[in-house]
Amino acid sequence: MFVALSLVIFSTLALVFSASNDAWSDFVVIGFAIFSASIFILCRAVFARIRKLKPKYIVIDGSNVMYWRDRTPNVNSVREIVDQLIRLHFMPCIVFDANAGYLLSGRYQNNRALAKALGVSEKQVTVAQRGTPADPIILDFARSLDAKIVSNDRFRDWIAAYPEVLRQGHLIKGGNSADGLWLARDQLQ
């Protein structure tokens with residue numbers, strides 16, 4: 001962005017000099033063209049920086065991911081995936097079924113309790129209400145945020161309402177290996 005700003009300053013000075021000096025008046029058109037191009041380059045640099053500031057959201061099916069290690073519910077599995085995604089500059093939104101707290105600790109846990117266990121903001125965690133499946137919440141969040149979903153669930157019951165689940169790379173798979181939990185990183189781009 002420094003180069004773009006320097007070009008704007010230099011082209012402005014050249015344009016002012018050529019416009020104010022009769023001997024250089026033929027260069028006004030060239031100076032204006034350079035000035036216009038430098039403004040365009042500066043705008044592109046500014047918008048690129050703004051785009052980098054906008055978070056890249058990703059939705060995590062917490063009730064699915066909590067089973068990835070040893071097929072037993074464990075909040076640390078979700079936390080490990082959240083940490084990986086944060087390191088990759090994603091803003092994770094985690095959605096759990098209503099019974100997730102019971103499965104993890106033997107008692108109900110709300111958004112605040114699960115957010116604390118995951119080390120994220122309460123705004124990033126949603127626990128579905130009792131009797132309500134988490135799947136449509138996950139799919140709605142992904143659609144509204146234009147985000148991918150981390151889950152090994154294929155959401156087959158929801159394809160009619162959410163056909164995007166069939167799109168290659170919309171669902172990010174993961175699992176457990178000797179090196180720890182993994183994500184299909186090639187699908188994260």
Enquirer: Determine yes or no for a side-chain-to-main-chain donor-acceptor pair under 3.5 angstrom, with Glu80 supplying the side chain and Leu181 the backbone.
Expert: yes

Enquirer: Atom CZ of residue position Arg44 - does it have more than 12 heavy atoms of other residues, nucleotides or ligands inside 6.0 Å?
Expert: no

Enquirer: Heavy atoms only: give me the nearest Val82-Pro92 pair and the separation to one decimal.
Expert: CG1-CG, 3.9 Å

Enquirer: Return yes if some donor-acceptor pair links the side-chain N/O of Asp153 with the main-chain N/O of Phe155 below 3.5 Å, else return no.
Expert: yes

Enquirer: Looking only at heavy atoms, what is the nearest atom pair of Ala134 and Asp97, with distance?
Expert: CB-OD1, 3.0 Å

Enquirer: May I ask whether Val65 and Leu103 are part of the same hydrophobic cluster, defined by side-chain heavy atoms of I, L, V, M, F, W, Y residues being less than 4.5 angstrom apart, directly or through others?
Expert: yes

Enquirer: Between Met66 and Val75, is a side-chain contact (heavy atoms from CB on, under 4.5 Å) present by the stated rule, with each step listed?
Expert: CA-CA 6 Å; Met66 70 185 192; Val75 74; over 6 Å; no

Enquirer: Measuring from atom CZ of Arg79 to atom CD of Gln84, what distance do you get when rounded to the nearest 0.5 angstrom?
Expert: 13.5 Å

Enquirer: Where the side chain of Asn64 meets the backbone of Ser151, is there a donor-acceptor pair that is under 3.5 Å apart?
Expert: no

Enquirer: Once you round to the nearest 0.5 Å, how far does CD1 of Ile81 lie from CZ of Phe90?
Expert: 12.5 Å

Enquirer: Which distance, rounded to the nearest 0.5 Å, do you find between the CD1 of Ile149 and the CG of Asp61?
Expert: 8.0 Å

Enquirer: Counting distance only, does the side-chain N/O of Glu164 pair as donor-acceptor with the main-chain N or O of Lys148 below 3.5 Å?
Expert: no

Enquirer: Determine whether Ile137 and Ile172 fall in the same hydrophobic cluster, where Ile, Leu, Val, Met, Phe, Trp and Tyr are linked whenever their side-chain heavy atoms lie under 4.5 Å apart.
Expert: no

Enquirer: Give the minimum heavy-atom separation between Pro163 and Arg143, together with the two atoms involved.
Expert: CD-NH2, 4.0 Å

Enquirer: Would a hydrophobic clustering, with Ile, Leu, Val, Met, Phe, Trp and Tyr connected at side-chain separations under 4.5 Å, put Tyr102 with Val95?
Expert: no

Enquirer: Can you tell me how far CZ of Phe96 sits from CD1 of Ile138, rounded to the nearest 0.5 angstrom?
Expert: 10.0 Å

Enquirer: Tell me the closest heavy-atom pair linking Asn152 and Gly174, and the distance in Å.
Expert: ND2-O, 2.9 Å

Enquirer: Could you go through the side-chain contact (heavy atoms from CB on, under 4.5 Å) check for Lys56 and Met91 one step at a time?
Expert: CA-CA 6 Å; Lys56 287 189 309 185; Met91 173 66 76; over 6 Å; no

Enquirer: Report yes or no: does Thr132 contribute a side-chain atom to a donor-acceptor pair with the main-chain N or O of Ala128 at less than 3.5 Å?
Expert: no

Enquirer: Just so I know, are the side chains of Tyr67 and Asn74 near enough to count as touching, which here means a heavy-atom distance under 4.5 Å?
Expert: no

Enquirer: Does Val125 belong to the same Ile/Leu/Val/Met/Phe/Trp/Tyr cluster as Val78, with side-chain heavy atoms less than 4.5 Å apart forming each link?
Expert: yes

Enquirer: Just how far is it from atom CG of Leu166 to atom CZ of Arg154, taken to the nearest 0.5 Å?
Expert: 10.5 Å

Enquirer: State, without any angle test, whether Trp68 and Asn176 hold a side-chain donor-acceptor pair at a distance under 3.5 Å.
Expert: no

Enquirer: Can a salt bridge be assigned to the pair Lys116 and Glu122 using a cut-off of 4.0 Å between side-chain N and carboxylate O?
Expert: no

Enquirer: Given side-chain hydrogen bond (donor to acceptor under 3.5 Å, both in side chains), test Tyr162 with Asp135 step by step and report yes or no.
Expert: CA-CA 11 Å; Tyr162 301 93; Asp135 290 359; over 6 Å; no

Enquirer: Please report the interatomic distance CD1(Ile94) to CG(Leu114), rounded to the nearest 0.5 Å.
Expert: 9.5 Å

Enquirer: Dump the intermediate steps for side-chain contact (heavy atoms from CB on, under 4.5 Å) on Thr12 and Phe35, then the final yes or no.
Expert: CA-CA 6 Å; Thr12 302; Phe35 174 76; 3.2 Å; yes

Enquirer: What's the shortest heavy-atom distance between Gln109 and Ser105, and which atoms?
Expert: NE2-OG, 2.6 Å

Enquirer: Is it the case that one hydrophobic cluster holds both Leu118 and Val59, taking links as side-chain heavy atoms less than 4.5 Å apart, direct or via other members?
Expert: no

Enquirer: Taking only residues two or more places apart in sequence or in another chain, which ones pass side chain to side chain contact (heavy atoms under 4.5 Å, CB included) with Asn110?
Expert: Tyr108, Arg112, Ala113

